[in-house]
*Asks:* 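My questions all concern the structure below.
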There are 2 protein chains.
Amino acid sequence: MILTLDTNRECPGLVDKFELKLDQAARAAWLSYVGGRTQDEIASQLGVSRPGVQRLLALARQEGLVKVHIDHPLANCMVMSNAIVKHFALDFCDVVPAEPGATDSGSHYLAVAGAERLSRYLDRGEPLTLSLGTGRVVRATVEAMSRIDRPQHRFVSLVGNVARDGSSNRYDGVMVLADKTGGERFLLPAPVVAGTVEEKHALLGQRLFQAIAEVAKEAEAAFIGVGRIDRQATLFQDHFISEAELGELLEREAVGELLGWPLNQAGEVIDCSITRRVTSLPLEMFRDQSLVALAGGHDKGPAILAALRGGWLKGLVTDENAARYIVEHGIG
Amino acid sequence: MILTLDTNRECPGLVDKFELKLDQAARAAWLSYVGGRTQDEIASQLGVSRPGVQRLLALARQEGLVKVHIDHPLANCMVMSNAIVKHFALDFCDVVPAEPGATDSGSHYLAVAGAERLSRYLDRGEPLTLSLGTGRVVRATVEAMSRIDRPQHRFVSLVGNVARDGSSNRYDGVMVLADKTGGERFLLPAPVVAGTVEEKHALLGQRLFQAIAEVAKEAEAAFIGVGRIDRQATLFQDHFISEAELGELLEREAVGELLGWPLNQAGEVIDCSITRRVTSLPLEMFRDQSLVALAGGHDKGPAILAALRGGWLKGLVTDENAARYIVEHGIG
DNA sequence: TCAACTATCGATCAAATGATCGACTAGATC
DNA sequence: GATCTAGTCGATCATTTGATCGATAGTTGA
């Protein structure tokens, strides 16, 4: 004889017992979650002991009788945030809602969320070393920060603030942040990608460069952007890499970059001619730091996913669109 | 200038502040109710203090962001039960689901629910006096009781167990209950409605009658049925009242009866020729007892509602159909 | 029929929650 | 610009909740 779950008149003994318990569980759940009674009240109302109510509530949750819905656009973000944190073993993942009338890449929400994370570090009284990457979002993030007096902190830029033409970027993120806090600033006197391998080694050999690298190594956290690898890539648009080199990267199936280091779909650093000219500190260095990526937009999805898969990141601040891509392609 | 609640670009100061707080509240609510985190975890994740999380959660609930749904047929019953308890100031109200393949009046669920309430009294060790009315549901309720050894309890019948033809009802609820518990039984040697006013006074004058009434007055609780007043009424079907008397009751807008006492829509006892022949103890006597009504079915709705409106009841065991009638006509 | 095992139940304690209170900050008013 | 007020924030305590453990009863198998 097969046990069925519906109210079967033929074999009332077993089924009804469970059904009855479920009924009680539903009652208890209603009184608790909807009615807002305490477990003691429910116990006396249902005529069972308080631990009994406990068990009924546990049963109700376990059997999926209790459905909670958060009626707010952010609820969806939270679902994805949760999934991403769990799947990629992050410390945190902030997903901001897709801004209604925003452009592809520049979301103000993203900057605010990033600024909030940044503030969490800066608020502290003890001296702190923090490093910053480049990217529109990193820049917008530090700009979204409100002024706060923290002269004890130190800020290091992880990628050179020297453009291809040799000009220094006056408004590097580190500059803005140091201005807003009164902290110390350490700028890397180099381009992201050196012109030649020799140039790279010359740079790396400089005492100043090494001193700054030392400071960066002491940083507790790094806030960086995530770059795409395609014709819209910052690396290409800013002429750090040539069209031919872009082609090489695409051929090697690069989908994103972190501090100039190209990554494939699995998140592994691709060893190629460009890699040998990248002046940034090696990604391995950040394994025991909090590497936080700030990036959003559906188009950035593959790049962010690669960074996640590589296990480089400890934290992620992104938006609904990128999160959806990541969940669909990287988890679902 | 009028403040609007949507994201208004023109006046970002005030609105955005509230929106931002609501966003945080939604996040906190999600983490708490869906994610199952503790408030401490949420606090560190959101970067606020624990009391802050408390306030956010309170806000989320207050703003209706949190929707809880109990996925079980009983959820609906609980909603109505709650409404009835509150509106009529009852101690309790049990609403059982409408039994799928049940007849109008005889629901087994109702009897089980009634038996459960009854057990709550009987379980006690201290001697207890309980009185019982008549009605199919009362009868089914005591029959649904499992045997339990309680010789210290006393059971009194509130309405006569003598039919119009003088025959005694062998299976009065009190008999069954006394049999099942081993308790003492007190039966009223009278019909519900006496043949004449004189007969009533003769009955009321009997020492036995008075002795039993005394016991009934000591009762802690009374479990009674609720009668309809129409051609299907038990009073009429069992020939306690004539067709003419039924007509009189209907003319006086009687909609129900409690222990033979006819009630109008407002729940007031109607003073008429029948009232003067009812032998039952006056309803006022039960004001300081727990008067529990057992009755269900859509057709009983008006009668039960009248009893509730009169404020006679302390407890009610009913079914979904009657409860719906009560909520719709008496509360909604 | 007895024994052993298992499932259930209630007492106890630690953790989490809700609420109150005082202090502080920002905004308003004079 | 000073002071007042209202609103917010965080420390503390009472209450509520969750979990573990021992006990008990019911059941199953020998």
Side-chain angles (χ1 to χ4, degrees), chain A residues 1 3 11-66 68 70 116 119-120 123-125 146-149, chain B residues 1 3 11-66 68 70 116 119-120 123-125 146-149:
Chain A
M1 182 171 180
L3 273 182
C11 84
L14 285 158
V15 171
D16 281 356
K17 205 163 183 177
F18 183 70
E19 288 264 323
L20 240 55
K21 184 150 264 176
L22 225 59
D23 283 2
Q24 281 286 68
R27 256 185 277 262
W30 195 92
L31 289 167
S32 175
Y33 298 118
V34 185
R37 322 297 168 84
T38 73
Q39 294 188 356
D40 271 316
E41 289 175 309
I42 299 170
S44 68
Q45 198 156 347
L46 259 50
V48 294
S49 70
R50 223 227 352 123
V53 174
Q54 191 101 320
R55 274 183 269 272
L56 285 174
L57 291 176
L59 177 70
R61 279 179 301 226
Q62 186 194 316
E63 293 291 321
L65 260 52
V66 185
V68 183
I70 307 294
E116 203 147 320
S119 300
R120 300 275 289 282
D123 276 347
R124 299 196 336 211
S146 45
R147 295 195 166 273
I148 175 178
D149 194 44
Chain B
M1 183 172 179
L3 273 183
C11 83
L14 285 158
V15 172
D16 280 357
K17 206 162 186 177
F18 183 70
E19 289 264 324
L20 240 53
K21 185 150 263 177
L22 224 58
D23 283 2
Q24 280 287 66
R27 256 186 277 263
W30 194 93
L31 290 167
S32 175
Y33 298 118
V34 185
R37 322 297 171 85
T38 72
Q39 294 188 357
D40 271 315
E41 289 174 309
I42 300 169
S44 69
Q45 198 158 347
L46 259 52
V48 294
S49 69
R50 215 209 21 101
V53 175
Q54 191 101 321
R55 275 182 270 272
L56 286 174
L57 291 176
L59 176 69
R61 278 180 302 229
Q62 185 195 316
E63 293 291 323
L65 259 53
V66 185
V68 183
I70 307 293
E116 203 147 320
S119 301
R120 303 274 290 278
D123 275 348
R124 298 194 338 208
S146 44
R147 295 195 165 271
I148 176 177
D149 194 46

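Every chain is numbered from 1 and lettered A, B, ... according to where its sequence line falls, protein lines coming before strand lines.
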*Asks:* What is the distance, to the nearest angstrom, from the CD atom on B/Q24 to the P atom on D/dC9?
*Replies:* 11 Å

*Asks:* Roughly how far, to the nearest 0.5 Å, is CG of A/L22 from CZ of A/R27?
*Replies:* 11.0 Å

*Asks:* Take the protein atom CG of B/L46 and the nucleotide atom P of D/dG10, then report the distance between them rounded to whole Å.
*Replies:* 13 Å

*Asks:* Go through it in stages, so that I can follow the logic: the residues are B/R55 and B/V48, the test is side-chain contact (heavy atoms from CB on, under 4.5 Å), and I'd like the CA-CA distance, side-chain angles, deciding distance and then a yes or no.
*Replies:* CA-CA 11 Å; B/R55 275 182 270 272; B/V48 294; over 6 Å; no

*Asks:* Would one find a side-chain N or O of A/R61 under 4.0 angstrom from OP1 or OP2 of D/dG18?
*Replies:* yes

*Asks:* Given C/dG18, C/dA11, D/dC9, which nucleotide is nearest the side-chain atoms of B/R50?
*Replies:* C/dG18

*Asks:* Rounding to an integer number of Å, can you tell me how far A/D40 CG sits from C/dA11 C1'?
*Replies:* 14 Å

*Asks:* Mind calculating the distance between CG (A/L57) and C1' (C/dA16) to the nearest angstrom?
*Replies:* 16 Å

*Asks:* Take the protein atom CG of A/L56 and the nucleotide atom C1' of D/dG18, then report the distance between them rounded to whole Å.
*Replies:* 14 Å

*Asks:* So for A/R55 and D/dG18, does any side-chain atom that can act as donor or acceptor lie under 3.5 Å from a complementary atom in the base?
*Replies:* no

*Asks:* Give a yes or no on whether the backbone of B/E41 and the side-chain of B/S44 come within a donor-acceptor separation of less than 3.5 Å.
*Replies:* yes

*Asks:* Expressed in angstrom and rounded to an integer, what is the separation of B/Q54 atom CD from D/dT12 atom C1'?
*Replies:* 13 Å

*Asks:* Without decimals, in angstroms, what is the distance between B/Q39 CD and C/dT17 C1'?
*Replies:* 6 Å

*Asks:* Once you round it to whole Å, what is the distance between P of D/dG18 and CD1 of A/I42?
*Replies:* 10 Å

*Asks:* Could you please spell out the steps behind the side-chain contact (heavy atoms from CB on, under 4.5 Å) verdict for A/L56 and A/K21?
*Replies:* CA-CA 8 Å; A/L56 285 174; A/K21 184 150 264 176; 4.3 Å; yes

